[in-house]
Amino acid sequence: MSAGALAAPAGVVDRFEIVATQDAYNGATPVGAAGPYVVITAIVHGRLDPAHPDNADIVDLPLAPRDADGWVRYSTDAAVLRPKLPRDARRILFYDVVNRGGRLGQGVFIGGGALTDGAAPGAHFPSLLRRGYTVVWSGWQGDVEQTGRGATAALGTRFPIATAADGKPLTGMSREEFIPDQAGGGTTLTLNHRPASMTDRSEVQFTARAAWRNADGLADYASTPSAPVTDWQYVTQPNGTVAVRFTPPAALPVAGGGTVAPDAGTIYSFVYRAAEPRVAAIGFAAVRDLLHFLKSSNTDAQGQPNPLNDMKAAPCAVGGDCPADPATNFDAVLGEGTSQSGRFLRDFLYLGFNKATDGKPVFDGLLAVIPGGRRTWTAVRFAQQGRWSRQHEDHFMQGDQFPFSYASFTDPVSGRHDGLLKRCQADSTCPKVMQIDGSFEWWGGRGSLNVTDGAGRDVPLPANVRYYFVPGTQHGGGGGVMTGLVKPPDSGSTCRFANSPVTMTPIERALAVALEHWVVHGTPPPASAHPKVADGSATQPVPVPLAGTGRVSALFVTDHVDGIPRVQLSKPYRQLVAAVDADGNETAGIATPEVAVPLATYLGWNLRGAGHAEGEGCSAAGAAIPFAVDAATKAPGDPRAPLSERYAGRADYLAKFHAATQALVRQGLLLPLDAEHIYRANAGKVSPLLLPNR
């Protein structure tokens with residue numbers, strides 16, 4: 001990086017305000033850790049140069065209020081969980097991207113209870129604290145309110161509002177969506193942005209529809225039949241936000257003719273003129289500059305010391321041959337994000353924010369968990385960062401257009417040439433990347449477009465990327481098969497089938513360790529494992545016994561103009577799903593023991609039930625279709641072998657299950673503690689009603 005660029009950084013941590021420092025877990029040492037941990041609660045006060053080219057993708061940053069130096073100020077919550085003494089640490093910083101302000105990775109990778117006064121991670125949990133990590137969380141989402149209590153509450157932000165050059169409020173058309181069963185019921189739609197006028201309704205388009213399907217069965221906005229919602233009013237809520245209170249229309253037209261009554265799955269679309277957009281994309285720069293500060297700066301811009309400076313004295317990441325006087329506080333920075341947070345990391349890379357002030361990478365390794373092929377709705381005016389596109393819900397929300405893959409190529413659908421790593425490849429700041437998706441991400445989240453192009457052809461991934469697929473899983477996985485008994489949904493439930501219990505988190509923990517070894521030691525991680533067109537394991541949906549066929553979230557080239565999605569139905573993306581065996585279980589990827597030694601058919605999709613837009617995709621859900629116990633209890637038309645023909649009793653099942661578990665341990669895809677205390681423990685709970693003790 002040039003001396004000039006170093007003299008004029010894109011952004012700085014102006015002040016790292018420490019709110020509190022206290023012993024973690026009431027002073028108890030996590031099992032396996034070298035010593036106790038402490039928690040630092042902080043507020044990060046940052047400044048950004050709106051004219052710096054590295055900030056060019058922060059939409060509306062030049063229109064934000066500026067300080068006397070012409071820079072833009074913001075602040076975020078932060079929390080740091082670090083070894084109390086540097087001798088008990090390793091020089092690895094692990095950044096867990098918060099999800100809607102929550103520390104989602106805490107339960108998956110850290111374990112234990114509340115950071116300050118909960119139980120420390122115990123003997124059965126393979127916590128990253130055993131590895132001496134320093135863990136950091138910070139706010140990035142512009143519409144999550146800053147609290148100053150990041151260790152015990154949601155981590156939010158305080159980002160500026162952009163205004164027009166003449167000082168007047170900025171306005172623009174925006175679209176909101178409301179589905180009663182996804183919003184907790186009722187007929188009140190809370191808006192993400194303030195209306196430009198509480199009285200002028202001339203530009204509002206308020207409609208209701210049963211589904212996103214036109215007469216040709218295609219997911220479209222303009223040609224999908226809808227009914228106007230005419231009885232509505234703005235209301236100001238106690239917290240100052242504005243909502244729309246409405247009365248549903250009496251009937252909804254449906255594709256092909258006829259009408260249906262509105263129900264709990266009805267899609268309400270509200271287009272209006274919004275005002276006062278927050279500069280949401282500051283969140284990317286806030287993460288970039290905080291991590292650079294914690295790793296590489298001795299003081300903040302006000303001269304206050306970095307609270308992690310003593311990590312220079314910690315044992316180095318590789319464990320030997322450590323430099324006596326390291327230049328930075330950490331040797332490696334690893335990042336992880338789940339769902340929305342994983343989509344944030346994909347955007348972070350795509351928009352070029354992995355280049356720090358010194359021109360070096362911010363993250364050395366990234367683990368993106370269940371983002372599918374999507375990014376976030378952040379780097380646009382009037383962003384709605386909490387939204388994510390699915391087959392029925394929020395289908396036309398932004399964040400799911402090309403590029404989808406880490407590979408760069410010319411998209412056969414849109415004609416564009418791009419890739420998620422294009423920016424970082426140009427300036428040599430790409431990290432090592434792992435992404436793990438479950439089956440739902442291929443059905444509902446564009447997942448196949450990570451490894452295939454828009455025409456359905458395999459795409460080779462760059463050498464620094466691994467992609468993993470876990471079959472039979474819903475979004476985030478389930479709680480484990482355990483007894484194997486499947487309870488049908490209650491009458492009136494949103495989904496038609498019982499949810500899939502297949503787990504994902506143990507695989508995620510193993511991959512986090514593999515990522516460290518890859519970054520720190522150069523040890524190659526497990527090879528990518530996912531469905532492929534070449535071997536027939538990536539294919540079109542087929543019917544599954546007793547369940548039918550799921551609904552893939554269709555995608556076309558789509559532009560958003562004046563808040564309304566303009567769908568180019570002539571430009572569809574070909575999306576694929578994993579091939580299945582005769583039972584309906586998926587055959588590619590990392591088969592957990594629950595899928596390799598099944599008690600049911602486990603699906604990454606589910607369908608909405610009666611009263612909930614019946615037959616549409618059920619949001620984020622998978623399904624479990626149990627095997628019959630024996631031939632006498634098989635349902636009519638069920639071709640699947642019963643349990644009595646699969647396993648010679650409980651002991652046989654447990655032996656096969658254990659063998660599948662140990663195979664994953666040998667491949668580095670499962671940690672021994674999880675093999676013992678998740679899979680072996682869960683399998684031991686299988687009900688004798690399914691498998692007798694013989």
Side-chain angles (χ1 to χ4, degrees), residues 97 99 104-105 108 335-347 349-350 366-376 388-391 399-400 403-407 420 433-453 458-459 461 465-478 500 502-512 514-515 525-533 537-539 541 550 552-553 555 573 575-580 585-592 594-595 602-606 617 619-622 669:
V97 185
N99 185 303
L104 199 60
V108 176
E336 170 277 327
T338 298
S339 189
Q340 180 206 35
S341 311
R343 293 185 287 116
F344 171 91
L345 290 176
R346 288 165 59 87
D347 247 352
L349 289 176
Y350 177 59
L366 288 178
L367 175 61
V369 179
I370 57 173
R374 300 174 302 241
R375 301 195 306 279
T376 62
W388 58 297
S389 172
R390 285 147 287 170
Q391 188 270 326
D400 62 353
F404 310 96
S405 177
Y406 297 98
L420 297 182
V433 179
M434 292 179 173
Q435 180 165 322
I436 177 171
D437 281 331
S439 178
F440 173 81
E441 281 66 57
W442 279 50
W443 286 90
R446 329 295 192 204
S448 69
L449 295 176
N450 280 287
V451 292
T452 63
D453 68 8
D458 288 326
V459 170
L461 293 172
V465 176
R466 298 291 187 274
Y467 183 81
Y468 306 99
F469 172 86
V470 181
T473 50
Q474 59 194 32
H475 189 59
S500 170
V502 176
T503 52
M504 283 188 70
T505 52
I507 309 299
E508 296 162 20
R509 285 193 283 271
L511 290 177
L515 180 64
S528 294
H530 56 81
K532 300 179 181 68
V533 177
S537 58
T539 185
V552 175
S553 182
L555 181 66
Y573 284 92
Q575 296 185 76
L576 304 174
V577 296
V580 298
N585 278 315
E586 294 167 323
T587 58
I590 303 171
T592 64
E594 299 153 328
V595 172
Y602 301 112
L603 307 173
W605 55 269
N606 207 318
S619 178
L669 294 168

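Scope of the values below: all heavy atoms of this structure, side chains included, with no hydrogens, waters or symmetry mates.
- Of the possible donor and acceptor atoms, none in the side chain of Asp437 sits under 3.5 Å from a partner among the backbone N and O of Trp442.
- Asn450 contributes a side-chain N or O that, together with a main-chain N or O of Gly447, makes up a donor-acceptor pair within less than 3.5 Å.
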message: Between Glu586 and Val595, does the side chain to side chain contact (heavy atoms under 4.5 Å, CB included) criterion hold? Intermediate values first, please.
response: CA-CA 8 Å; Glu586 294 167 323; Val595 172; over 6 Å; no
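- Minimum heavy-atom separation, Tyr468 to Ser528: CE2-CA, 4.0 Å.
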Between Val451 and Val459, does a side chain to side chain contact (heavy atoms under 4.5 Å, CB included) hold up when you go through it step by step? CA-CA 5 Å; Val451 292; Val459 170; 5.7 Å; no
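- Contact detail for Pro471 and Ala591: the closest heavy-atom pair is CG-CA, 3.9 Å.
- Put simply, the side chain of Asp347 never gets that close to the backbone of Arg375: no donor and acceptor are under 3.5 Å apart.
- Residues Tyr406 and Tyr467 place their aromatic rings such that the two centres sit no closer than 6.0 Å.
- Gln474 places no side-chain N or O within donor-acceptor distance of the main-chain N or O of Ser619, the cut-off being under 3.5 Å.
- Formation of a donor-acceptor pair under 3.5 Å by the Asn606 side chain with backbone atoms of Gly622 is found in this model.
- The salt bridge (charged side-chain N to carboxylate O under 4.0 Å, His left out) search around Arg374 returns none, not counting sequence neighbours.
- In terms of heavy atoms, Ile370 sits closest to Met504 at CG2-CE, 3.7 Å.
- Side-chain atoms of Thr539 do not come within 3.5 Å of backbone N or O of Ala579 as any donor-acceptor pair.
- With hydrogens and angles ignored, the 3.5 Å screen pairs no side-chain donor or acceptor of Glu336 with any backbone N or O of Leu367.
- Not counting sequence neighbours, the partners of Arg390 by the salt bridge (charged side-chain N to carboxylate O under 4.0 Å, His left out) test are Asp394.
- At distances below 3.5 Å, not a single donor-acceptor pair connects side-chain atoms of Thr503 with backbone N or O atoms of Gly477.
- Side-chain atoms of Arg466 do not come within 3.5 Å of backbone N or O of Leu461 as any donor-acceptor pair.
- Geometrically, Arg446 does not engage Tyr573 in a cation-pi contact, judged by NZ or CZ lying under 6.0 Å from the ring centre and within 45° of the ring axis.
- No side-chain heavy atom of Thr473 sits under 4.5 Å from any side-chain heavy atom of Phe440.
- Nearest approach of Gly472 to Ser500, heavy atoms of both residues: O-OG, 2.6 Å.
- Across Asn99 and Thr338, no two heavy atoms sit closer than the pair ND2-O, 3.1 Å.
- Here the side chain of Arg343 pairs no donor or acceptor atom with the backbone of Gly372 at under 3.5 angstrom.
- What you find for Leu449 and Ser405 is that their closest heavy atoms are O-CB, 3.7 Å.
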